[in-house]
Amino acid sequence: MASSSQKGIVITIPVLVLSVSAAAIFLFFLLSSLSSPCTCPPSNPDSTLTTTAAVVTGGTVVAEVVDRRISVSRDDIEWVKDQIRANGLHMQDNVLRKGINPRTRAQQLEDLNNFKGISHYEGSEANNHTALPCPGELLVEEHHSNYGEPWAGGRDVFEFLAESSRLTANSHVLEIGCGTLRVGLHFIRYLKPEHFHCLERDELSLMAAFRYELPSQGLLHKRPLIVRGEDMDFTKFGSDVMYDLIYASAVFLHMPDKLVWVGLERLVSRLKPYDGRIFVSHNIKFCSRLGGDECTKRLGSLGLEHLGKHTHDSLLFNHYEIWFEFRRSKA
């Protein structure tokens with residue numbers, strides 16, 4: 001009887017190397033998932049929200065940390081103060097300095113209207129190479145003075161609302177009355193393209209937003225959906241978007257109570273149940289004028305719940321804002 005020959009399995013070196021590499025990458029992802037911290041929004045406003053992504057570069061697995069912090073930290077504030085001290089800086093009187101052509105806003109506008117500015121194309125307008133000509137009133141940023149407080153306050157509002165609502169870049173936000181985008185610019189920059197929506201009635205504000213703010217901030221590619229309209233008509237935003245945040249900054253103060261309630265009724269179905277938030281600034285007299293019990297009942301009939309009142313202090317100047325928070329309490 002012929003003896004049966006023994007068979008063996010031969011593993012080549014390249015196959016072995018690939019197998020070991022694959023196992024190492026798998027082990028890295030496994031350990032990262034077990035040891036990585038929670039990426040929930042931070043309860044401490046000074047903490048940093050980070051996510052860890054694994055990137056393979058040249059055969060090496062590298063952990064890349066993405067910083068998603070919104071507001072400044074105590075370390076940020078101390079860094080600024082240290083830089084001021086290190087450079088021996090002291091605030092001087094705000095007078096025109098020597099320069100190529102120092103001008104106030106009024107003088108800049110006069111130059112633009114009379115002389116097209118200090119550097120311009122000569123000849124007919126037919127030879128003007130400007131891609132998106134902008135009115136002089138917008139170029140000198142007169143619209144930044146429309147709010148009765150510093151333009152920089154828009155950043156304060158964004159930080160408070162974004163962190164209170166635990167927004168991510170993938171969230172959807174609707175502002176009722178975004179004006180010249182004092183606040184909206186920061187949301188547009190933070191969110192994914194087309195994820196910021198706004199309803200605004202004022203034509204001059206919209207012109208400032210489209211012809212100056214979005215181009216000058218390099219945000220045209222974000223394609224925000226900004227619609228001219230009034231009477232709380234949200235039909236142009238479609239019916240398939242569910243918002244993580246809907247907010248109105250000082251807008252309801254100038255509306256009849258009846259119209260505010262109409263708007264809330266139309267918006268409830270567009271707000272994500274439980275996790276979505278509505279924030280209203282300054283006061284909610286449209287509700288409190290009904291009386292405490294009636295106000296609660298009216299909100300409840302819409303499926304809304306009042307969660308509380310918040311006071312938010314400004315980072316840069318002596319100012320605070322009051323915000324009222326609501327959520328959709330029914331799915």
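Quick note: residue numbers are just sequence positions, from 1. A quick note: this is a predicted structure, and the numbers were derived from the prediction, not measured.
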> Would you say H319's side chain and L316's backbone share a donor-acceptor pair under 3.5 angstrom?
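A pair under 3.5 Å: no.
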> Under the salt bridge (Lys or Arg N to Asp or Glu O under 4.0 Å) test, which residues partner E305, sequence neighbours left out?
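Once residues adjacent in sequence are excluded, the partners of E305 under the salt bridge (Lys or Arg N to Asp or Glu O under 4.0 Å) criterion are R327.
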> Measure across I70 and A162 and return the closest heavy-atom pair with its distance rounded to 0.1 Å.
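Smallest interatomic distance, heavy atoms only, reads CD1-CB, 3.5 Å.
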> Looking at F324 versus H310, is the centre-to-centre ring distance below 6.0 Å?
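No.
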> Would the number of heavy atoms belonging to other residues, nucleotides or ligands and lying under 6.0 Å from CG of D275 be above 12?
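12 or below, so no.
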> May I ask you to decide whether E325 forms a salt bridge with R277, counting only side-chain N to carboxylate O separations under 4.0 Å?
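Answer for the salt bridge query: yes.
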> Can you tell me which residue among L299, L264, L307, L302 is in a side chain to side chain contact (heavy atoms under 4.5 Å, CB included) with F326?
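Of L299, L264, L307, L302, side chain to side chain contact (heavy atoms under 4.5 Å, CB included) with F326 is met by L299 alone.
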> Return the minimal non-hydrogen interatomic distance between E321 and S249, and the atom names on each side.
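Closest heavy-atom pair between E321 and S249: OE2-OG, 4.5 Å.
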> Report yes or no: does K192 contribute a side-chain atom to a donor-acceptor pair with the main-chain N or O of N170 at less than 3.5 Å?
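Checking the backbone N and O of N170 against the side chain of K192, no donor-acceptor pair under 3.5 Å is found.
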> Output yes when a side-chain donor or acceptor of K309 lies under 3.5 Å from a complementary backbone atom of W323, and no otherwise.
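Looks like no, no N/O pair under 3.5 Å.
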> A quick test of your reading: do over 12 heavy atoms of other residues, nucleotides or ligands sit less than 6.0 Å from CZ of R189?
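Counting neighbours around CZ of R189, more than 12 heavy atoms of other residues, nucleotides or ligands fall under 6.0 Å, so yes.
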> Assess whether a salt bridge exists between D257 and R289, defined as any Lys/Arg side-chain N lying under 4.0 Å from an Asp/Glu carboxylate O.
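Judged by the 4.0 Å cut-off on N to carboxylate O distance, D257 and R289 do form a salt bridge.
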> Between D76 and S73, do the side chains contain an N or O donor and an N or O acceptor separated by less than 3.5 Å?
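There is such a pair (donor and acceptor under 3.5 Å, judged by atom type) between the side chains of D76 and S73.
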> Just grab all the ring-ring contact (aromatic ring centres under 6.0 Å, His included) pairs involving residues 205-231, residues at least two apart or on different chains.
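Only H143-Y212 qualify under ring-ring contact (aromatic ring centres under 6.0 Å, His included).
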> Start with the C-alpha gap between Y247 and F187, add the side-chain angles, then the distance that decides, and say whether side chain to side chain contact (heavy atoms under 4.5 Å, CB included) holds.
CA-CA 12 Å; Y247 71 97; F187 279 105; 3.5 Å; yes
> Aromatic contact between Y190 and F196, with the criterion being ring centroids under 6.0 Å apart: yes or no?
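Ring-ring flag for Y190/F196: false, centres at least 6.0 Å apart.
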> Can you check whether L304 reaches V268 side chain to side chain, under 4.5 Å on heavy atoms?
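Yes, side chains in contact.
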> Around atom CD of E149, are there more than 12 heavy atoms of other residues, nucleotides or ligands at under 6.0 Å?
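For E149, atom CD is crowded (more than 12 foreign heavy atoms under 6.0 Å).
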